[in-house]
*Asks:* 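Sharing a structure here in C-alpha cells format.
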Amino acid sequence: MSIAKTYNAAEREEKWYQYWETSGFFRSVPDEREPYTIVIPPPNVTGMLHMGHMLNNTIQDILIRRKRMEGYNACWVPGTDHASIATEAKVVRLLRDQGIKKSDLTRDEFLKHAFAWKDKYGGIILDQLRKLGASCDWERTRFTMDDDYYRAVIMVFCDLYEKGYIYRELRMVNWDPSGLTALSDEEVIHKEQQGKLYYVRYKVEGTSKEYVTIATTRPETILGDTAISVNPKDMRFMHLVGKKVIVPLINRAIPIIADDYVDMEFGTGCLKVTPAHDVNDYEIGKRHNLETIDVLNPNGTMSEAAQLYIGEDRFVVRKKISKDLEAAGHIVKIEDYKNTVGHSERTDAVIEPRLSLQWWVNMKEISKPALTAVMDDTVNLIPAKFKNTYRHWMENVKDWCISRQLWWGQQIPAFYLNSENELPEHQRQFFVGVTPEIALEKARAKTGLDLKLEDLRQDADVLDTWFSSWLWPFQVFKSLTEPGNAEAAYYYPTNDLVTGPDILFFWVARMIIAGYEYEGKEPFKNVYLTGLIRDALGRKMSKMLGNSPDPLDLMALYGADGVRFGVLTSSPAGGDLTFDTPIDLTKKELESKLCEQGRNFRNKIWNASNLVEGWVPEAGKPLTPLEKVAINWMKRRLSATAAELADHFEKFRISDALATIRRTIWDEFCGWFLEMMKPNRDEAIGEAAREQVVQLFESLLQLAHPFVPFITEEIWQSLRPRKEGESIMMTLIPEPIVVGDDFEALTAFELVKDTVTAVRAFKAEKGISNKEPIDLYVNTQSPEIFKANLPVLERFLGLRSMQFVDKGPAGTGSLRVLTTEFYIPLGDIDIEAEKAKLLKDIAYNEGFLVSIEKKLGNEKFMANAAAAVVESELKKKADAEATLRLLRESLAGLG
RNA sequence: GGGGCGUUAGCUCAGUUGGUUCAGAGCGUUGCAUUCACACUGCAAAGGUCACUGGUUCGAAUCCAGUACGCCCCACCA
C-alpha cells in the first residue's frame with residue numbers, strides 16, 4: 001500500500017478519528033483487566049477550546065493512550081460543567097439580544113431557554129476535543145445537571161445538612177453586583193489598584209469649628225456611616241468619645257465610639273464605621289449595637305437609604321460626592337493610594353461586601369481527611385511543591401458559601417411556609433428534604449399543622465457550581481444514585497487527575513473532601529498540575545488580553561499532532577509554558593515555532609515511511625554485515641528508549657518522554673539506522689532485512705503513538721496490510737528487553753558514531769569532501785570495536801582502508817575520540833598547525849591529569865568518596881595518561 | 001503583610017540522592033552539502049563566570065544563608 005506524496009493532516013486526522021470512534025476503541029467497560037481511569041476536568045458547557053484545554057487534554061490523552069497500550073482497561077470519562085454563573089450570564093445576554101428580559105420570565109421559562117441553549121451549543125467544546133484526538137469514552141459523557149447528577153447534588157446537600165455541616169446564616173458575603181449573586185471567598189480575585197484616599201472632616205455636634213477627620217477610599221459609603229471610631233488608647237481623641245459628629249451632606253448625627261480594631265497609625269487614627277458595607281465595620285457595629293444602613297442596591301447603585309444620588313452607580317457617585325464634599329468644605333486632602341480590591345472571578349465586577357442570608361458549609365471537620373491524604377501522599381500532588389499551598393489553605397479553610405442567587409443550577413432543597421412570607425427572612429422556618437414531600441412531612445411534624453405541598457415554597461437559590469463538580473469522580477459512575485453499582489466499584493478511585501493549579505482549591509481540594517465523605521476513599525492517586533500558558537511576552541493568556549491563539553486555527557495550520565507536540569514541548573508539570581505565537585493575533589499571522597517543530601517531526605516520520613515503503617524486497621537475500629550491525633544496535637537502542645520512556649512516564653515527565661521518543665526516531669532511527677539499512681543504488685533490500693526495519697519502525701511508532709496519535713496510526717496502517725478493526729492504539733507497547741551486554745554494546749556503538757562525527761568534522765575542516773575516500777589509521781585499546789563496525793565506518797565515511805597502528809604515520813593529520821587516536825593522510829599538511837593543535841591538547845590533558853592526581857592524592861577524598869567514584873577517577877586517570885601518550889607520540893612523529 | 005517558586009547559551013527550557021571530560025537539548029545564528037525519503041532536509045561550527053555575595057564540603061549549577069530581579073498563592077487595615 002503506497003501513500004500519497006504529501007501528508008494531508010486535516011483529512012487523515014478526521015479519517016482516523018472517525019475510524020477509532022466508530023470502532024469503539026475508546027469504549028471502556030469493566031472487565032478482568034486492571035482499570036486505569038481519568039475523569040476529565042469538565043469544561044464549562046459554555047466553553048470554547050483554549051490553549052489551557054489543549055495542554056490539559058493532550059496530557060490526559062497521552063496518559064490514557066499509553067496506559068491503554070500497556071494493557072490496562074483505560075477509561076477517560078468526558079463531560080461538561082453547567083457553570084451556573086457563566087452560563088446564566090450568557091443566556092441572559094442572549095435573551096436580551098432577542099429582546100427578552102430575564103425579569104419577564106418565570107423560572108421555568110428561563111430554564112427552558114437555558115436548556116435549549118445548552119442542547120444547541122453545549123457540545124461544541126466536546127467536538128473540539130475530538131479534533132485534538134482525545135480518546136474519551138464518549139458514551140460516558142456526563143453533565144453536572146444530568147437528572148441523576150442533579151439528584152446526587154440534592155442528596156449531598158440534605159445529607160450534609162442532616163449531619164450538621166450545612167447551615168443558613170446572615171453574614172457579610174462577597175456580592176457580585178454584576179452577576180447579582182453571592183460568591184464564595186475563592187471566587188473573589190484580589191487585585192491591586194491605584195485609588196485615592198479621601199480625608200474627610202465631620203463636624204462635631206454642638207460645636208462650630210471642631211472637626212474630626214477620617215480617611216476613606218470609598219467616600220460614597222459616607223452616606224451609610226453610623227459611627228466614627230477611634231482607638232481607646234488614643235489620647236488624641238479621648239475627649240471626643242461619647243460625643244457625636246454630623247455626617248456631611250445628609251446631616252445625620254452619629255456617635256464617636258472607641259474600639260480596639262482601629263489602627264492609631266493609619267490615616268488620621270479615626271475610622272468611619274459603615275456596618276452595611278465593610279466586614280470589619282460590621283463587626284464593630286455588632287459590638288456597639290450600631291445601626292446598619294444599606295446605601296447600595298444589589299446592582300451597585302445607590303439605594304433610597306442613601307438619601308442622595310439614588311439610583312446612580314457607586315463609581316459615578318464616588319466622583320460626584322468627592323466634588324460635593326469639596327464644595328461643602330469637608331475635604332481636607334486627597335492622596336493617591338494603592339489598595340487591593342476584590343473582583344468577581346467570573347464577571348470581573350468589583351465585589352461589594354453585603355449583608356445577606358446565605359447557605360454555608362462548615363469546612364473544618366469535613367476537610368480533615370483530605371488534608372491528611374495529601375500530606376501523607378495518599379494523594380500525590382505533582383509537582384509536590386503544591387503540598388505547602390494545599391496545607392495552608394486546608395488548615396485555614398473557611399466556611400463555604402454555597403448559595404447563589406441564580407436559576408441555572410441545582411435549586412436548594414429547603415422549603416419555607418407560605419404562611420410565614422410576611423416574617424423577616426431570617427426568622428422564617430425552613431425544612432430540608434430531598435423531595436418536597438419529605439420536606440412537607442418534616443414541616444407537618446414540626447408545626448403540627450395539616451400542611452399541603454402548596455403551602456410550601458422552595459428556596460429560590462441554586463447551589464454553587466463547585467458544589468456539584470466536587471462529586472465528579474464518583475457521580476460520573478452514579479455512585480451516589482446507584483450505590484454499590486459495579487462500575488463505581490471498578491473505576492473508583494480513579495488514577496490520575498490533570499488540571500490547572502488555579503482550581504486547586506475550587507475543585508481538587510473539594511473533590512478530595514467529598515471523596516472521603518462519600519466514598520471513604522481518595523478520588524484519585526495523582527494530581528498532575530499543569531503550568532499556565534503564557535504568551536511570548538510572558539503574560540497569562542486570557543480572553544481579555546486577546547493574546548491566546550485559537551487552538552483550532554493552530555490545528556488547521558500544523559495538524560493536531562503538530563499542536564499536541566508544540567504545546568507539550570517544554571511544559572513540565574507545574575511549570576509555565578511560554579507559548580510563542582505572535583502577540584498581535586489580529587494580524588492573522590498565526591505562527592508557532594513550537595508547533596512547527598511538531599509538524600516537522602510528524603513529517604519526518606512520514607518521510608521515513610516513504611523511504612521504507614519504496615524499498616522493494618528481494619526474497620531469500622541474506623543480511624549483509626552492515627545490516628546485521630545496524631539491526632543489532634537498533635534493537636538495543638529501541639529497548640533502551642522503551643526503558644527510558646517507562647521511567648519518564650512513571651515520574652510524569654511527559655515533556656522529557658516526548659523529547660526521548662523524538663530523538664530516538666529522528667536521530668537514531670532516521671539519522672543512523674535507516675542510513676545504514678539503505679540499500680545501495682540499483683540494489684534491492686533483502687526481505688529479511690526489510691522485515692526487521694518494519695518491525696523496528698512499528699515498535700517506535702507504538703512508543704510515539706500517545707504523543708502523535710494520527711501520524712503513527714497512518715504509518716502503522718501503511719507499513720503492512722492490516723485487517724479491518726486493527727489499530728496501533730489497541731496494540732501493546734513493546735516491553736523493554738534487557739540484555740546483559742546492552743549497555744556495553746550501546747556504548748561501543750556510540751564510540752563508532754563519535755568517530756564518524758569526528759572524522760566528518762575533520763574532513764570538513766580540511767576542506768575534504770565527505771565523499772572522498774580516505775585511509776584511516778587507528779591507534780586504539782579496543783580494536784575489536786572498530787573491526788566489528790568497519791561496515792559502519794565504510795558506509796558513513798567512504799573509507800578505503802583501515803589499519804591499526806601504534807603511532808601516526810608520516811604525512812597524516814590526527815584526531816581523537818576519547819582515548820582513540822586517528823590519523824588521516826593529508827596531501828600537504830601544515831605541520832606547524834598540527835603541532836599547535838597537539839600541544840594544545842597535551843596541555844589540556846596534562847592539566848586534567850594534574851587535577852585528578854590531586855584528587856586521588858587527597859586523603860580526605862579517598863576516605864570519603866564512594867568506591868564507584870574513586871574507581872571512575874582512576875579510570876579517568878588511566879584514560880588521560882593513555883591519551884597523553886598518544887598525543888606525545890603523534891607530536892614526536894611530526895618531527 | 002505572610003508563604004511558596006524561579007534566575008543555566010540570543011530565545012524556550014533540561015540538568016532526576018553533591019562526584020563519569022557536567023555544563024546539555026530544541027529553536028535561532030554561521031558555514032558547507034544537493035538529481036540518491038525528507039530544505040518541514042543533511043553535515044558541521046560558533047555560543048554560557050550556571051543572577052550576585054558569602055558559607056558547608058576532599059569536591060557545589062546541585063546543599064545552606066543573605067542580596068537583587070521576576071512570578072505565583074494567601075491576607076478584612078480604613
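The chains referred to below are lettered A, B, ... by the order of the sequence lines, with proteins before strands, and numbering in each begins at 1.
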*Asks:* Based on Watson-Crick and G-U pairs with both distances under 3.5 Å, what dot-bracket line describes RNA chain B 5' to 3', crossing pairs as [ ] and inter-strand pairs as |?
*Replies:* (((((((..((((.....[....)))).((((((....).))))).....(((((..]....))))))))))))....
*Asks:* If the threshold is 4.0 Å, N to carboxylate O, is there a salt bridge linking A/Arg171 and A/Asp399?
*Replies:* yes
*Asks:* Provide the distance between the two C1' atoms, one in B/U41 and one in B/G4, to the nearest whole Å.
*Replies:*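 Between the two C1' atoms, the distance is 46 Å.
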*Asks:* Measuring to OP1 and OP2 of B/U41, would you say a side-chain N or O of A/Asn600 lies under 4.0 angstrom away?
*Replies:* yes
*Asks:* From the options B/A78, B/A75, B/A44, select the nucleotide whose nearest atom is closest to the side chain of A/Thr216.
*Replies:*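 Per side-chain heavy atoms of A/Thr216, the pick is B/A78.
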*Asks:* Across the strands shown, which category fits A/Ala215 at heavy-atom distances under 4.0 angstrom: base, sugar-phosphate, nothing?
*Replies:*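 Counting heavy atoms under 4.0 Å across all strands, the contact made by A/Ala215 includes a base.
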*Asks:* Counting side-chain heavy atoms from C-beta on, which of B/A78, B/C76, B/U16 comes nearest to A/Val262?
*Replies:* B/A78
*Asks:* Of all the choices, B/C58, B/A78, B/A75, which nucleotide is nearest to the side chain of A/Lys860 once you look at every atom?
*Replies:* B/C58
*Asks:* Tell me whether A/Lys877 is salt-bridged to A/Glu873, with the criterion being a basic N under 4.0 Å from an acidic carboxylate O.
*Replies:*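 Salt bridge: no.
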*Asks:* Looking across every strand, which nucleic acid part, if any, lies under 4.0 Å from A/Thr340 by heavy atom: base, sugar-phosphate, or nothing?
*Replies:*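 Base contact.
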*Asks:* Can you figure out which of B/C40, B/C77, B/A37 approaches the side chain of A/Asp263 most closely?
*Replies:* B/C77
*Asks:* Under a 4.0 Å threshold between the charged nitrogen and the carboxylate oxygen, would A/Arg653 count as salt-bridged to A/Asp647?
*Replies:*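 Salt bridge present between A/Asp647 and A/Arg653.
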*Asks:* Below 4.0 angstrom from OP1 or OP2 of B/C76, is there any side-chain N or O of A/Tyr282?
*Replies:*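 The answer is no; no side-chain N or O of A/Tyr282 sits under 4.0 Å from OP1 or OP2.
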*Asks:* When you measure from the side-chain N and O atoms of A/Lys593 to the phosphate of B/G28, is any distance below 4.0 Å, counting only OP1 and OP2?
*Replies:* yes
*Asks:* Would you mind telling me which of B/A78, B/C71, B/A44 lies closest to the side-chain atoms of A/Arg534?
*Replies:* B/C71
*Asks:* Side chains of A/Glu613 and A/Ser718: is there a donor and an acceptor less than 3.5 Å apart?
*Replies:*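 A/Ser718 and A/Glu613 do have a side-chain donor-acceptor pair below 3.5 Å.
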*Asks:* When you measure from the side chain of A/Phe861, which nucleotide among B/C58, B/C40, B/C27 comes out closest?
*Replies:* B/C58
*Asks:* If the cut-off is 4.0 Å, is A/Arg760 near the phosphate of B/A44, judged by side-chain N/O to OP1 or OP2?
*Replies:*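 Checking B/A44 against A/Arg760, a side-chain N or O does come within under 4.0 Å of OP1 or OP2.
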*Asks:* Using atom P of each nucleotide, how far apart are B/G19 and B/C36 to the nearest Å?
*Replies:*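 Looking at atom P only, B/G19 and B/C36 are 48 Å apart.
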*Asks:* For B/U41, take OP1 and OP2 only and decide whether either is under 4.0 Å from a side-chain N or O of A/Lys604.
*Replies:*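 It does not, given that no N or O in the side chain of A/Lys604 lies less than 4.0 Å from OP1 or OP2 of B/U41.
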*Asks:* Let me spell it out: for each of A/Leu271 and A/Asn388, pick the nucleotide of RNA chain B with the closest heavy atom. Which residue's pick is nearer the 5' end?
*Replies:*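 With A/Leu271 and A/Asn388 compared, the 5'-side residue is A/Asn388.
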*Asks:* Salt bridge check, A/Arg663 against A/Glu644: does any charged N sit closer than 4.0 Å to a carboxylate O?
*Replies:*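 Here A/Glu644 pairs with A/Arg663 in a salt bridge, since their nearest N and O are under 4.0 Å apart.
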*Asks:* Does a side-chain N or O from A/Trp666 land closer than 4.0 Å to OP1 or OP2 of B/G42, or not?
*Replies:*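 True: A/Trp666 side-chain N/O within range (under 4.0 Å) of B/G42 OP1/OP2.
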*Asks:* Can a side chain N or O of A/Thr569 be found less than 4.0 Å away from OP1 or OP2 on B/C13?
*Replies:*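 So the side chain of A/Thr569 is outside the cut-off, no N or O lying under 4.0 Å from OP1 or OP2 of B/C13.
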*Asks:* Check whether A/Arg795 reaches the backbone of A/Glu675 with its side chain - one donor and one acceptor, N or O, closer than 3.5 Å.
*Replies:*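 Pair found, side chain donor or acceptor close to backbone of A/Glu675.
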*Asks:* Ignoring the backbone of A/Arg599, work out which of B/C77, B/C76, B/C40 is nearest its side chain.
*Replies:*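 Ranking B/C77, B/C76, B/C40 by closest atom to the A/Arg599 side chain puts B/C40 first.
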*Asks:* Is any NZ, NE, NH1 or NH2 atom of the basic residue among A/Arg602 and A/Asp561 found under 4.0 Å from an Asp or Glu carboxylate oxygen of the other?
*Replies:*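 Judged by the 4.0 Å cut-off on N to carboxylate O distance, A/Arg602 and A/Asp561 do not form a salt bridge.
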*Asks:* With a 4.0 Å cut-off on heavy atoms, is A/Phe601 in touch with a base, just the backbone sugar-phosphate, or nothing at all?
*Replies:*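 Answer is nothing: A/Phe601 stays at 4.0 Å or more from every strand.
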*Asks:* Give the rounded distance in Å between these two atoms: CD1 of A/Ile605 and P of B/U41.
*Replies:*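 It is 13 Å, rounded to the nearest whole Å.
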*Asks:* Just checking A/Arg663: base, sugar-phosphate only, or nothing, at a heavy-atom cut-off of under 4.0 Å?
*Replies:* nothing
*Asks:* Spell out yes or no: do the side chain of A/Glu675 and the base of B/A37 have one donor N/O and one acceptor N/O closer than 3.5 Å?
*Replies:* yes
*Asks:* Please classify the nucleic acid contact of A/Asn770 as base, sugar-phosphate, or nothing, using heavy-atom distances under 4.0 Å.
*Replies:* nothing
*Asks:* Counting only side-chain nitrogens and oxygens, does A/Lys385 get under 4.0 Å of the OP1 or OP2 atom of B/C73?
*Replies:* no
*Asks:* Measure from the side-chain heavy atoms of A/Thr389 and tell me the nearest of B/C73, B/A78, B/A37.
*Replies:*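 Selected nucleotide (nearest to the side chain): B/C73.
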*Asks:* Considering every strand and a 4.0 Å limit on heavy-atom distances, what is the contact class for A/Lys877: base, sugar-phosphate, or nothing?
*Replies:* nothing
